[in-house]
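Let me begin by presenting the structure, written as structure tokens, before commenting on it.
We use all heavy atoms of the structure for the numbers below, so side chains are in, but hydrogens, waters and symmetry mates are not. Numbering of ligands and ligand atoms starts at 1, following listing order.
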Amino acid sequence: MKNIIPIACDHGGFAMKQYLVERLKERGYEVKDYGTYSEESVDYPDYIHPIAQDIQDGVYPLGIILCGSGNGAQMTANKHPNVRAALCWNVELGKLARQHNNANILTLPGRFIENELAWEIVQAYLTTDFEGGRHSKRVEKINLK
Ligand code: RB5
């Protein structure tokens, strides 16, 4: 299951999603593509809530979402209580999102970084484990009771 990567975006993240889907497939991952499927303007919650719900429900352990800035996508995904979506724009942030925050969704800003960098971030994110330890109790405190 860990080798199936779900991915979703709005029109602002569409071009980068297409690039990442190809890179992921080349690398041997299966991809579950939640759309959007063109540059036509759409509302990001319509595409982000379905993938976030599947992460919430444990269908997939890790996912990737994109919009133009990354902010709208991340805000939407984080409305799901078991989702921890991290907005990352460099490789170190991609690693830290896993090591320290156990982020289960990587959020990328499709209009603000180059595709090649996005792919480096994705690889770092997908291959880095949560460190646990002192970070576990912090992550456990994120949700309001
Ligand atoms: C779409 O124009 C843009 O607002 C969206 O992709 C995203 O940046 C929202 O946060």
Side-chain angles (χ1 to χ4, degrees), residues 1-131 135 138-145:
M1 182 58 82
K2 197 174 178 185
N3 285 337
I4 302 177
I5 307 300
I7 190 165
C9 68
D10 73 352
H11 53 290
F14 172 73
M16 183 174 285
K17 172 174 73 70
Q18 298 308 100
Y19 176 86
L20 293 174
V21 166
E22 289 312 308
R23 296 290 82 72
L24 285 163
K25 287 179 177 172
E26 280 170 9
R27 192 52 64 88
Y29 291 101
E30 270 185 56
V31 176
K32 164 73 176 167
D33 188 348
Y34 287 75
T36 187
Y37 303 107
S38 78
E39 302 275 3
E40 186 181 337
S41 182
V42 294
D43 300 331
Y44 52 81
D46 294 339
Y47 293 85
I48 302 305
H49 277 308
I51 184 175
Q53 185 65 50
D54 278 352
I55 297 289
Q56 167 78 25
D57 292 343
V59 178
Y60 305 103
L62 300 177
I64 303 169
I65 59 175
L66 312 88
C67 67
S69 65
N71 279 320
Q74 186 203 31
M75 289 176 189
T76 302
N78 278 325
K79 288 295 180 186
H80 299 253
N82 293 338
V83 165
R84 289 173 302 281
L87 177 55
C88 301
W89 61 95
N90 68 32
V91 171
E92 189 61 18
L93 289 172
K95 285 183 193 165
L96 284 170
R98 293 286 310 128
Q99 286 172 335
H100 289 191
N101 312 114
N102 202 11
N104 49 17
I105 294 189
L106 170 66
T107 314
L108 294 166
R111 290 179 174 153
F112 289 88
I113 59 173
E114 297 299 322
N115 285 346
E116 292 76 12
L117 175 56
W119 174 228
E120 286 181 34
I121 297 169
V122 165
Q123 291 174 88
Y125 173 78
L126 292 178
T127 58
T128 302
D129 291 325
F130 181 45
E131 280 179 6
H135 300 294
R138 296 169 185 166
V139 169
E140 284 164 16
K141 287 181 178 181
I142 290 175
N143 276 356
L144 298 170
K145 299 289 178 224

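- A distance of 8.0 Å separates CD1 of Ile51 from CD1 of Ile64, quoted to the nearest 0.5 Å.
- At a threshold of 4.5 Å between non-hydrogen side-chain atoms, the residues Ile121 and Leu93 do not count as touching.
- The shortest distance between side-chain heavy atoms of Leu20 and Leu108 falls below 4.5 Å.
- Listed by atom number, the atoms of ligand 1 under 4.0 Å from His11 heavy atoms are 1 (C), 2 (O).
- Closest heavy-atom approach to atom 3 (C) of ligand 1 among the candidates Arg111, Gln74, Met75: Arg111.
- Relative ring orientation between Tyr34 and Tyr60 is described as perpendicular, the plane-to-plane angle rising above 60° on a 0-90° scale split at 30° and 60°.
- Close contacts of ligand 1 with Cys67, meaning ligand atoms under 4.0 Å from a residue heavy atom, involve 6 (O), 7 (C), 8 (O), 9 (C), 10 (O).
- Against a heavy-atom cut-off of under 4.0 Å, Tyr44 is close to the following atoms of ligand 1: 9 (C), 10 (O).
- Ile48 has its side chain out of reach of Met75: every pair of non-hydrogen atoms, C-beta onward, lies at least 4.5 Å apart.
- Near Gly68, meaning under 4.0 Å from any of its heavy atoms, are these atoms of ligand 1: 5 (C), 6 (O), 7 (C), 8 (O).
- Of the N or O atoms in Gly72, one or more lie within a sub-3.5 Å distance of an N or O in ligand 1.
- Proximity to Asp10 (heavy-atom distance under 4.0 Å) selects the following atoms of ligand 1: 1 (C), 5 (C), 6 (O).
- Counting heavy atoms from C-beta on, the side chains of Val83 and Asn104 come closer than 4.5 Å.
- Ranking the protein heavy atoms by distance from atom 8 (O) of ligand 1 puts Ser69 N, 2.8 Å first.
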